[in-house]
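A short write-up of the structure that comes next.
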Amino acid sequence: MSNKNNIKTEITQLRNQIKQWNYEYHVLDVPTVSDEIYDSAYQQLIKLETQYPQFNSNDSPTKTIGSKPNNTLAKIFHQQPMLSLGNAFNYQDLLKFDQQIKKTLGENNIEYVCELKIDGLSISIIYEKGKLKTAATRGDGIAGEDITNNILTIKTIPKIIALTSNFEVRGEIYLSKDEFNHINEKQKQQNLPLFANPRNAAAGTIRQLDINIVKSRKLDAFLYYYINATNDNIKTHDQALLTLQKYGFKINEQWQLCKNIEEVWTYIAKYEKLRNNLPYEIDGIVIKINDLTSYELLGRTNKAPKWAIAYKFPAITSVTKLLDIFPTVGRTGKITYNARLQPVIIAGTTITFATLHNGDYIINRDLRINDLVSVKKAGDIIPEVIAPIITSRQTNNIVFKKASHCPICKTKLEQVPPEVDQYCINIDCPSRILKSLMHFCSRNAMDITGLNEKILLRFLDLKWIKTISDIYNLVNLRKEILSLPGFGEKSFTNLINSIIRSKQNSLERVLFGLGIRHVGQKTAIILAKKYLTLTNLMQATFDDLANTNEIGPTIATSIIDYFLNNTNQQLITNLQNLKLNFNYLHTNQSQALNGKTFVLTGTLTKSRNEISELLSNYGAKITNIISNKTNYLIVGENPGNKLLQARKLNVKIINEEQLQSLLKEVAKNG
Ligand code: IVH
C-alpha cells in the first residue's frame with residue numbers, strides 16, 4: 001500500500017475492528033473471533049503504527065489493553081500454576097465432593113471453610129523480605145501479566161508486611177457495585193462503551209496502561225489464599241485467613257467454618273438470599289477443606305485442586321431477542337421505556353418484559369428492535385436489558401426513536417435537559433390518574449386492599465372514580481358495585497372496611513400516597529415527624545423545608561409547588577371534608593429503643609416494612625445479618641439459619657407477640 005490515505009484508512013479500520021472485538025469480549029462476554037484472527041489483526045496494527053507514527057493516537061486499542069495475551073505488559077511466570085476450581089450446581093454435586101474427599105482421607109469429620117466467590121479477577125502477589133515485589137494476573141495459569149504498578153495503587157493491599165521470609169498470596173481484585181456504576185456514568189459522559197458488569201470493568205482497569213485512570217477507579221482486593229502456609233507452621237485454612245488479616249490484608253469477613261456439608265448448604269442458602277444486598281458482586285460460594293495438611297494427599301486434576309469446589313449460583317443474565325420497545329406513563333407523568341422480549345428463563349423465572357429506563361438509556365446502548373440483547377434479572381429487582389449483541393445484528397433491525405407524544409393521551413412530551421426523563425405534563429392523563437390511584441392504595445401508602453389495577457380501571461371506565469377523593473365515596477355506590485360480576489356482599493364489605501380503616505392512617509402514609517414528586521416513603525416519615533400535621537406542612541416556608549435534615553432544595557421546591565396547585569388544594573380540602581386523619585400518630589412514642597438492632601427470620605404476619613415502621617417509632621432498626629451487636633431476633637414460622645446463629649451469639653430471641661408486649665412496655669415507660 002503506497003498511498004498514505006490508504007494506510008490511514010487501514011489503521012482506522014483495524015482500530016475499529018479490534019475495538020469492536022474487545023467490546024464483545026470484555027463487555028458482552030461474547031467473543032466472536034478466534035485468538036489467531038484477533039492476534040494477526042493486532043500485530044498488523046502494531047506494525048503499521050510503528051511504521052507510520054504520524055497516525056499515532058492515544059485512542060488506539062494498542063494503547064489500552066484487553067485481557068487477550070498482550071505484548072505491552074511483561075509476562076510473569078507463576079511459581080506454581082494458578083488453577084481454577086471445579087464447579088457444583090446443586091446439593092448432589094456437593095455430596096459427591098464430600099464423599100470423594102472422605103474416600104481419599106478415610107475420615108468422617110471433615111471441616112470446611114465457606115467463602116464468598118467474589119466476581120472479579122484472580123491475582124498473585126509476591127513479597128520478598130516483607131516488601132511487595134510483583135503482582136500478576138492469572139493469564140493462562142502458567143504465566144500472567146505483570147500488573148505490579150497498578151496493584152500499588154490499591155490502598156487496601158499492604159506494600160510492606162511483617163514477614164521476612166518470601167511469601168505469595170492470591171486473591172481477587174474487584175470493583176464495588178457503587179464504583180462500577182460511577183465508572184459507567186463517566187464512560188457514558190465521555191461517549192465510551194459501557195462495561196457490562198463490575199468484573200469486566202475491573203479487568204479493563206487492571207490492564208490499563210494509564211496509571212491515572214487506574215488511580216481514578218477504586219479497585220479493591222480480597223485475599224484468600226496463603227501459598228505454602230504449612231511452611232509457616234499454619235495448619236488450617238481459617239488460621240491462614242486470620243494470619244493474612246494480621247499481616248494487614250483485607251479478607252472477606254463473611255467466611256464461615258462449617259462442621260459438615262449440611263452446614264455448608266445452609267451457608268450457601270443464606271448468601272444466595274443476601275447476594276443482592278452485598279456491596280460487591282458474588283457469583284457463588286467457594287468451599288475449601290480446612291485442614292491444609294490434607295491438600296497434598298488430595299492432589300489436583302490438571303485444571304483444579306481436589307480440596308476445594310466452587311458452588312455456582314444460577315446465572316442472572318441471559319441473551320434473548322428484543323421484540324418491541326414501548327413507552328408507559330407513570331403517576332408523575334414520567335415516561336418509562338419497556339422491552340418486550342422473547343420469553344427467556346433466568347434463575348427459574350420466565351422473563352417477557354424488562355425495563356429500558358429512559359430514551360437515552362436505549363440510545364446510549366444503540367438497542368434496536370429485533371436485536372439479540374443481554375438481559376439481567378437479580379432477585380426482586382426489575383429485569384433490565386443490558387446491551388445488544390452487535391455481531392448478530394441484522395441490517396434491517398429497527399433503530400429506536402424517542403416518543404414525541406404521550407402514548408395514552410397524546411400530549412406532547414417534555415424533557416428538560418440535563419434531565420434524562422421525558423414527561424407527560426397532562427395531569428388529567430388517564431394513565432397518570434390510574435397509576436396515582438394505584439399508588440395511593442398501595443401497601444406502603446394507604447394500604448387499601450381490594451382496589452387493584454383491574455378494579456380501578458373498571459371504576460375509572462364507569463366514571464365512578466375520577467380522582468383520589470372519589471375512593472371515599474364508593475360506599476355510596478353499594479347497589480352499583482354489587483351489580484358488577486365478581487362482586488358479592490363479602491368482597492364489597494371488605495373493600496369498604498379497608499377504605500374506612502385507611503382514614504385513620506398516620507400522616508406519613510397519606511403524604512406518601514399523594515404522590516408528591518420526590519416524596520418517597522422515607523421523606524414522608526421525616527416530614528410527618530417534623531411537622532406533625534398537614535396544615536403545619538402546608539404552611540412551612542421553603543427555607544424551613546430545605547433546611548430539614550435529608551430534605552434539601554429539590555424536595556422543598558416540589559412540596560411547595562404541589563400545595564400551590566389548585567387541583568391539589570381542592571383534593572386536600574375534599575379529603576379533609578371526608579374526615580381523613582392528617583396528624584402524625586406516633587408523637588407520644590419514645591426513643592426508648594434508640595440504636596437497638598433487630599433481625600427477622602421466618603415468615604411473620606406483618607411485613608418487614610410494617611415492623612420496620614413500628615420499630616423506627618422507638619428509634620430501633622432492622623438489619624439483615626446477625627452479629628454480636630444484634631439486640632433481638634424476631635422469629636416467625638420456619639425460621640432460617642439465623643436462629644442458630646442467634647443462639648450461638650446469645651442474642652435475645654422473641655416472637656411477634658413478645659415484640660408487641662415489648663413495644664407496649666416501652667410505650668408505657670416512655
Ligand atoms: S480459591 C486453586 N476463593 O474463582 C484456586 N477463589 O472459579 C483457588 N474466586 O480462579 C481459588 N472468590 O479467581 C478462591 N474466595 C475465593 C474466591 C475465588 C473468587 C475465583 C478465583 C478462581 C475462580 C475459580
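Just so we're clear, the structure is a prediction, and the values are computed from it rather than from any experiment. Counting starts at 1 for both ligands and their atoms, in listed order.
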In the protein, which heavy atom is nearest to [atom], and how far is it?
{"atom": "atom 10 (O) of ligand 1", "result": "Ser122 OG, 3.9 Å"}
{"atom": "atom 13 (O) of ligand 1", "result": "Glu172 OE1, 2.7 Å"}
{"atom": "atom 5 (C) of ligand 1", "result": "Leu83 O, 3.6 Å"}
{"atom": "atom 12 (N) of ligand 1", "result": "Ile118 N, 3.1 Å"}
{"atom": "atom 7 (O) of ligand 1", "result": "Lys117 NZ, 3.1 Å"}
{"atom": "atom 14 (C) of ligand 1", "result": "Tyr224 CE1, 3.2 Å"}

Looking only at distances, please establish whether an N/O atom of ligand 1 is found under 3.5 Å from an N/O atom of Ser84.
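It does not: no N or O of Ser84 is found under 3.5 Å from an N or O of ligand 1.
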
Compute whether any side-chain donor of one residue and acceptor of the other, for Asp146 and Thr148, lie under 3.5 angstrom apart.
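Present: a donor and an acceptor within the cut-off.
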
Lys288 side chain to Asn290 side chain, donor-acceptor N/O pair below 3.5 angstrom:
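Distance-only check fails for Lys288 and Asn290.
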
Does anything in residues 244-262 form a side-chain hydrogen bond (donor to acceptor under 3.5 Å, both in side chains)? List the pairs, not counting sequence neighbours.
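The answer is Tyr91-Glu262, Glu111-Lys259, Tyr174-Lys250, Asp220-Lys250, Gln245-Glu253, Asn252-Tyr280, Gln254-Tyr271.
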
If you measure from each heavy atom of Pro305 to ligand 1, is any distance below 4.0 Å?
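It does; at least one heavy atom falls under 4.0 Å.
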
More than 12 foreign heavy atoms under 6.0 Å from CD of Gln80: is that the case here?
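It does: Gln80 CD has more than 12 such atoms within range.
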
Looking only at non-hydrogen atoms, which of Gln80, Lys288, Glu115 approaches atom 1 (S) of ligand 1 most closely?
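Among Gln80, Lys288, Glu115, the closest heavy atom to atom 1 (S) of ligand 1 comes from Lys288.
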
Under-4.0 Å heavy-atom contact with ligand 1, by part of Leu116 that carries it
backbone

Taking it one step at a time, do Lys321 and Leu372 satisfy side-chain contact (heavy atoms from CB on, under 4.5 Å)?
CA-CA 4 Å; Lys321 194 168 172 182; Leu372 280 184; 4.3 Å; yes

With heavy-atom distances below 4.5 Å as the criterion, would you say the side chains of Thr623 and Phe598 are in contact?
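A side-chain contact is absent here, since even the closest heavy-atom pair is not under 4.5 Å.
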
Qualifying residues under side-chain contact (heavy atoms from CB on, under 4.5 Å), relative to Thr317, sequence neighbours excluded
Lys376

